[in-house]
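Report on one structure; see the data block that follows.
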Amino acid sequence: MIKTFRNRRTALLYIVPALLLILFFVFLPIVLNLYNSLFRWNSFDAGRTFVGLKYYVRLFQDPVFLIALKNNSLYAIISLVFQVGGGLIIAAILEDKLIRRFQPFFRTVFFIPSVISIAVVGLLWQLLYNPEVGLVNGALKAIGQAEWGRSWLGDSEVAIYAVVAVSQWQYTGYMAMLFLIAMQKIPLEYYEAAMIDGASKIKTFFNITVPQIKEMLLVGSVITVIGAFKVFDEVYIMTFGGPGRSTEVLGTMLYRAAFRNDEMGYASTIGTVVFVITLVLSLIQMKLGKSGQEV
Amino acid sequence: MKMKAKLLLVVMLIMSLVVAGCSSSSSNEEESGKVVLKFLHKWPQPEFAPYFEEVVKEFEKQNPDIKIKMEAIADEPIKDKLRVILGGNEVPDIMFSWSGEFARKFVRADAALDLTPYLNEDAAWKDGFIPASLQPFSSNGKNYGIPLRFNGKFFIYNKEIFEKYHLEAPKTWDEFLDVLETLKKGGETPLILGNQSPWAAIHYLTGLNQKMVAQDVRMKDYNPASGEFTDPGYVKAMEMFADLNKKGYFMKNVNSSSHDMAKQLFFAGKGAIFYVELEEFPDADKNMKGNWGFFPMPDITEGKGSQKYITGAPDGFIVSSKTKHPDEAIKFLKFLTSKDNALKLVKQIGWPSPIDGATNPDTALKEVAEGVEYMKQAEGMAEWLDTDVHAKVADVYLSNIQLLLDGSKSPDKIIKEVQDVAKQVKSEVE
């Protein structure tokens, strides 16, 4: 009796520090943010005015909010196709017997973009996209398709795709790496059995590889989608939401409200909405993934 | 092996503690009896920073009991950073600010110290400034800022190209359009503009708004508490700017070229006219060696605003209302704006100084001195539109001007948005 009591106390002792940290640094800010979104205030003025749910009403009527949601969704969908889909294909090709001995080389090449800091990547691509001296238009010219050239980041119709493309360039290799690791854990016997049965490579891929790394695929998808709704730095550096508001995402919209327009309350409102969106996405992931045995 | 790893971990832990300990002790020099002033400006560039370092060093030599802790943050980031630090506990005693509404919002929040008594106390200091440079920093008749530079906006042109087509600097907007048309027909790029950061195009609109809209109406609209923007002049001003674009006078890819890139194009002779600030004149002269001239924004005959205004504004410093050492802060500002240091500013980095007589043909580039003369003669200054109206109104102007240039939004639609946000702002500012 006493022993279990003491055990519980010891257990509690171990839990409390982490619990306190999480309470202070995760849960308290969330609650505070919710509270802050009910006031009109800015960072340098001590006074604040209670406005109730006015900012929520305004947010849902704000045309920029729709643009941002659309851009974030675009980010999520394109990233799913290229990072998860493309990464999976790259991983499968690299795992193929014929290419495997070059694997370390390609693995490094594909992985390099993801270790470069985002600030550098943003500036780098700003240069590459430059319509006059940039490599992108230069390359199009070289293959005789100069008319495809655009003012990539300066044209409100294509700018968002140009920004999304940079993320694909940066993270597809990273995803491929995750899938490679998962694939290397698949027992070789499965493939041997499939070979004896005369299964084609494509069939093997869909019937052995994909089901075996299902868990990792799910994790990868969730990381990508949640990441797409939290994206900020790439957009901030390359376009800051422009031209006009055409590349605005929730992150830059929040930043603009907080630090350019002095509307901390509105920024908190946007923050709360981003939190709800990512929370729902995470819940769906937990439901689908059930346990999360891997990772 | 395991032992080694553990040892390494312990060493690293101790090191990090030592480093952390050092940093906190060194930042606390106040204990040594010195007054520490925190000074924030916006010129980290290697060509400008040495000026500030030298002035600070000289000041510390003359005032051994004052220590200046200087920090510099570049133009774009300081707009955000100022707002954040003013809300924290480590507010700099002296910090950079643009004049106009940008400074006034800090005044409204009681974050800026009223400098009027200090200026009145020392008449010699106050009278040293060109009056038009102090005025934009005032609010309700009180002074909140001390100008460091007095900046104006002018068109500079490539003399060689102008001579090729027998052109002269235009005096009226119609002449200006004629010049542009001639240049375009001749196959030149008439206007260079880098609008990746949209303030570049907003500077055009700063002057156009001022020239098109009557002064009292414009001032009422720029005031957040009474702004309406219903005068037809605002739409017309924007249409005139849009026309320049529609007629193909601007260079290609304005929205994806930065102002610096555009500047290089102009210096390389790839365009005829470029809209720049006075502070960029020395740079132009260095790169074009006399092959350039300048003119202010041409008069618009049918405009309702005064045609004798110059676009531009002073920028300088405000003092935090939370400072513990206001007297020392003023002392430093006086030193910074003393005639000697103003002369040094003009000579060393070629900026136009707000100190009367400091920017003259002996100290400055001939053109800079002429530019300052224009501003002294002017009836008033049209301050930068993006710092002279409420931040939210400015944001609508800034983000939409790019869409105007890529043709996806019309002037009346943009002004409608400006009116809507002005109404919203009006309801929020008491």
Go through B:M261 and A:N130 one step at a time and tell me if the side chain to side chain contact (heavy atoms under 4.5 Å, CB included) criterion holds.
CA-CA 10 Å; B:M261 267 190 256; A:N130 183 296; 2.9 Å; yes
Working note: A:F44 + B:K105, criterion side chain to side chain contact (heavy atoms under 4.5 Å, CB included); need CA distance, chi angles, decisive distance, verdict.
CA-CA 9 Å; A:F44 51 83; B:K105 69 166 171 282; 3.6 Å; yes
Side chain to side chain contact (heavy atoms under 4.5 Å, CB included) evaluation trace for B:K392 with A:R260
CA-CA 8 Å; B:K392 278 163 72 175; A:R260 281 293 155 94; over 6 Å; no
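Residues A:T239 and B:Q402 have side chains not in contact (no heavy-atom distance under 4.5 Å, counting atoms from C-beta outward). In this structure, A:N42 and B:R83 have side chains that are not in contact, with every pair of non-hydrogen atoms separated by 4.5 Å or more.
For B:E76, the parts lying near chain A are the backbone and the side chain together; criterion is any non-hydrogen pair under 4.5 Å. A:R150 does not touch chain B: none of its heavy atoms, backbone or side chain, sits under 4.5 Å away. For A:Y266, no part lies near chain B; criterion is any non-hydrogen pair under 4.5 Å. Proximity to chain B (any heavy atom under 4.5 Å) is shown, for A:F240, by neither the backbone nor the side chain. Neither the backbone nor the side chain of A:E248 comes within contact range of chain B; no heavy atoms are under 4.5 Å apart. Neither the backbone nor the side chain of A:E157 comes within contact range of chain B; no heavy atoms are under 4.5 Å apart.
Residue B:K322 places its NZ atom among more than 12 non-hydrogen atoms of other residues, nucleotides or ligands, all under 6.0 Å distant. Counting heavy-atom neighbours within 6.0 Å of A:E147 CD, excluding the residue itself, gives a total above 12. No more than 12 heavy atoms of other residues, nucleotides or ligands lie within 6.0 Å of CG in B:N140, so this atom counts as exposed by the packing criterion. Heavy atoms from other residues, nucleotides or ligands lying under 6.0 Å from NZ of B:K81 number 12 at most. No more than 12 heavy atoms of other residues, nucleotides or ligands shown are found within 6.0 angstrom of CZ on A:F25.
For the set B:L403, B:D395, B:I85, B:V84, the count of heavy-atom pairs under 4.5 angstrom toward chain A peaks at B:D395. Counting heavy-atom pairs closer than 4.5 Å to chain A, the top residue among B:H390, B:Q424, B:K409 is B:Q424. Taking chain A as the reference chain and counting heavy-atom pairs below 4.5 Å, the highest number among B:S258, B:S257, B:S256 is found for B:S256.
Of the possible donor and acceptor atoms, none in the side chain of B:N400 sits under 3.5 Å from a partner among the backbone N and O of A:G244. For the pair A:R40 (side chain) and B:E428 (backbone), a donor-acceptor distance under 3.5 Å is present.
A salt bridge does not link A:R256 to B:D80: none of the charged side-chain nitrogens sits closer than 4.0 Å to a carboxylate oxygen.
Interatomic distance, A:S246 OG to B:D406 CG, rounded to the nearest 0.5 Å: 7.5 Å.
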